[in-house]
Structure formats: structure tokens, C-alpha cells
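Contents: one structure, followed by commentary.
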Protein chains: 2
Amino acid sequence: MTRACPCLAARRRARAITRHFDAYLRPRGLRSTQFSVLAALAQRGPTGRGRLANGLGLDRTTLTRSAATLERQGWIETLEADDGRERPLALTEAGRCALNAALPAWKEALDRLDHEARGDPAAHAMPQR
Amino acid sequence: MTRACPCLAARRRARAITRHFDAYLRPRGLRSTQFSVLAALAQRGPTGRGRLANGLGLDRTTLTRSAATLERQGWIETLEADDGRERPLALTEAGRCALNAALPAWKEALDRLDHEARGDPAAHAMPQR
DNA sequence: GATGGGTAAGTGTATACACACGTATCGTCG
DNA sequence: CGACGATACGTGTGTATACACTTACCCATC
């Protein structure tokens, strides 16, 4: 009865896809979540933490911790805003470089995923070291 | 370009659905993940940790930690096996009670989710306290 | 019965996730 | 100006997740 629980299915799928993408992104030194935060900042430009978290569909406090590790890596920085309450996040140059360096790995992960979804038998190769 | 990343989409969806189910399960004192472990054990009977983790699509070591908290709650226990390497997990009576008590909340969460998916306007009520 | 390869599971570490709660700033209204 | 609600954000805590490494046990072969 609980066999078709959409919550379990969604979590299982997210875990599997995350492992897949992480395997390709790992050699570039970042994880799927970090990649998505950097990509979102690249698209939006400097963005307040709350707004960014909302756009990514995650809790604001979760983004706070993720941002802390990304800031430790030097990939993002906190800007000052007119509104003293806001602490907008922005990509640094290093962050943009890391994102660009990871893009090919992301694309390859995406391709392999598509091939697997079509049942392509030759598409189960693992990422190059 | 990265806007349609299936990894981000899957994670976002899993987070949203998890929050939804957690909101209904919280009054019963358990979380979506714990519910799925209990339900899996109820279906399978006593199961080795590796096999159970594999069935749920998560890493073996992740299940080790989840099992620790469930065991602390008294909902599952570790049996002895002929093969001394195996440490099969099994539902306790308390675990079966907790699972049964949570089933209505799980069903309601499922119903609301279905209604929302169909755009039913009256289906956005939150779980009763 | 030793030994060595294979299998089941645990531990160390780091990130991901979110609820409850607290803090600081803004804007408005008296 | 001062009080107050609203807004943006951080912290404390606990669970979830997985990789790298380690431990314990089984079995077959010598």
C-alpha cells in the first residue's frame, strides 16, 4: 500500500540523481547543491538570501549554511545593500571560474542521464577520473 | 541553460514533498524517512541492513544512522542471524503501533497531494493539530 | 587449521535540510 | 521622537545523506 508513496519515490529519485551528478562534479571540487546555488547566482546576479532560497525551493536557513561553505571556498561573497537588513549574495570571480570549469562535467552528467533514460546500453560509463 | 537541471528539479521536488508529508506526520512523532523505513520493515519482515538500504535506494551507511535513531525510539530492534556478519533489523511492537498510528496522517497527506496536483482549490488546508 | 579473498556492517567527517527561536533593521503611526 | 508590526536574517538542535576507511565474519583452498 505504501509501496507507491510519492514521498519515498521523490526522495529516492533525488538521491539517485544527486549521486549521479555528484560523481561527475566531484573532480571539479563541488557538489550538485553548490553547483545549483552558483548557477542561480550567475543567472540572477546579486540576490538576497531569502529570495534566493525561495527561488531554489529550499528553506532560508538551509541556504545560510550552504552559503557559509561557499563563502569559505571564496566562490561567493556578501554585499551591502541600502536596506540594512538585506545581505545579498554575489558570485566572486573565483566562483564564476569554478562554475565555468564545472559546466562540461554537468553537461556530460546530463547527457548520460538522458541516454540511460532511453535505455541506451552504452551510456553507463562512469565519469573520467 | 541550467534552468532545467533535472538534479535541481528532483531535489526541489523531493524537498517540497518531504515538507508536505512531514507536516502531516509530525503530530505522530515521526518523519517521512522514518515512516518509509518502518513501512519497508513491515512489508519485508526482518531484513539485513544492506538489503534494506538497497531496497530504499539509499546508502548503507545512511541507513545505519537512521536505524540508530529508530532503535533509540524503541521502534526497531536488531536480531541475531546465523551469519554472524548480518545484523537484521526488525519492527518492534512499539514500532508497529507507531506505524499504524501514523498511517491515517500519511493517507491524508497523500490525498491532499493528489488534490493539489489536480488543482483542486479546496485542498490547500493544513493538517489538523 | 592457517590464510586470503569476499561480504556485512560500523566510524570519521563533511555537507544538506528544516523547525523553533532569537536579533536587527525598516516603515508607519501616534 | 517612540512604540510596534513587518521583514530579512542568524543560531541551536536534530535528522538525512554519502564517501573513505576500518572492522568483523564467512568460506574455500591449501
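To find a chain, count down the sequence lines: A is the first, B the second, and so on, and within it residues start at 1. Atom set for the values below is all heavy atoms of this structure, side chains included, hydrogens, waters and symmetry mates excluded.
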Under 4.0 angstrom between [X] side-chain N/O and [N] OP1 or OP2:
{"X": "Arg15(B)", "N": "dC17(C)", "value": "yes"}
{"X": "Arg19(A)", "N": "dA18(D)", "value": "yes"}
{"X": "Arg49(A)", "N": "dG10(D)", "value": "yes"}

DNA chain D: 5'-proximal contact among Ala16(A) and Pro88(A) (nearest heavy atom): Pro88(A)
Atom [atom1] of [X] to atom [atom2] of [N]: distance rounded to whole Å?
{"X": "Leu52(A)", "N": "dA8(D)", "atom1": "CG", "atom2": "P", "result": "14 Å"}
{"X": "Asp59(B)", "N": "dA8(C)", "atom1": "CG", "atom2": "P", "result": "14 Å"}
{"X": "Leu56(B)", "N": "dA18(D)", "atom1": "CG", "atom2": "P", "result": "11 Å"}
{"X": "Glu80(A)", "N": "dT25(C)", "atom1": "CD", "atom2": "P", "result": "12 Å"}
{"X": "Arg31(A)", "N": "dT13(C)", "atom1": "CZ", "atom2": "P", "result": "15 Å"}
{"X": "Asp83(B)", "N": "dG6(C)", "atom1": "CG", "atom2": "C1'", "result": "12 Å"}
{"X": "Asp82(B)", "N": "dC27(D)", "atom1": "CG", "atom2": "C1'", "result": "15 Å"}
{"X": "Phe21(B)", "N": "dA18(C)", "atom1": "CZ", "atom2": "P", "result": "16 Å"}

Side-chain donor/acceptor of Arg12(B) to backbone N/O of Gly55(A), under 3.5 Å: yes
Arg51(A) side chain vs Pro88(A) backbone, donor-acceptor pair below 3.5 Å: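 No.
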Sugar-phosphate, base or nothing in reach of Arg60(B), heavy atoms under 4.0 Å: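 Base contact - Arg60(B) has a heavy atom under 4.0 Å of at least one base atom.
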Listed nucleotide nearest any side-chain atom of [X], set [options]:
{"X": "Arg85(A)", "options": "dA6(D), dA16(D), dC17(C)", "result": "dA6(D)"}
{"X": "Thr61(B)", "options": "dC19(D), dG10(D), dC26(C)", "result": "dC19(D)"}
{"X": "Glu86(B)", "options": "dC19(D), dT17(D), dA9(C)", "result": "dA9(C)"}

Those residues of residues 62-72 of chain A lying under 4.0 Å from DNA chain D by at least one heavy atom: Thr64(A), Arg65(A)
Nearest-nucleotide 5' precedence on DNA chain C, Gly50(B) against Gln34(A): Gly50(B)
DNA chain C: 5'-proximal contact among Thr33(A) and Thr47(B) (nearest heavy atom): Thr47(B)
[X] to [Y] - nearest heavy-atom pair and separation:
{"X": "Leu89(B)", "Y": "Ile76(B)", "answer": "CD2-CD1, 3.9 Å"}
{"X": "Phe21(A)", "Y": "Ser32(A)", "answer": "CB-OG, 3.4 Å"}
{"X": "Leu91(B)", "Y": "Glu77(B)", "answer": "O-OE2, 4.2 Å"}

Reported CG-to-CG distance for the pair Leu63(B) and Leu56(B), which is rounded to 0.5 angstrom: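 One finds 7.0 Å between CG of Leu63(B) and CG of Leu56(B).
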From Val37(A), Leu25(A), Leu70(A), residue fulfilling side-chain contact (heavy atoms from CB on, under 4.5 Å) relative to Leu30(A):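 Passing option: Leu25(A).
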Short side-chain donor-acceptor distance under 3.5 Å, Thr64(A) and Arg49(A): no
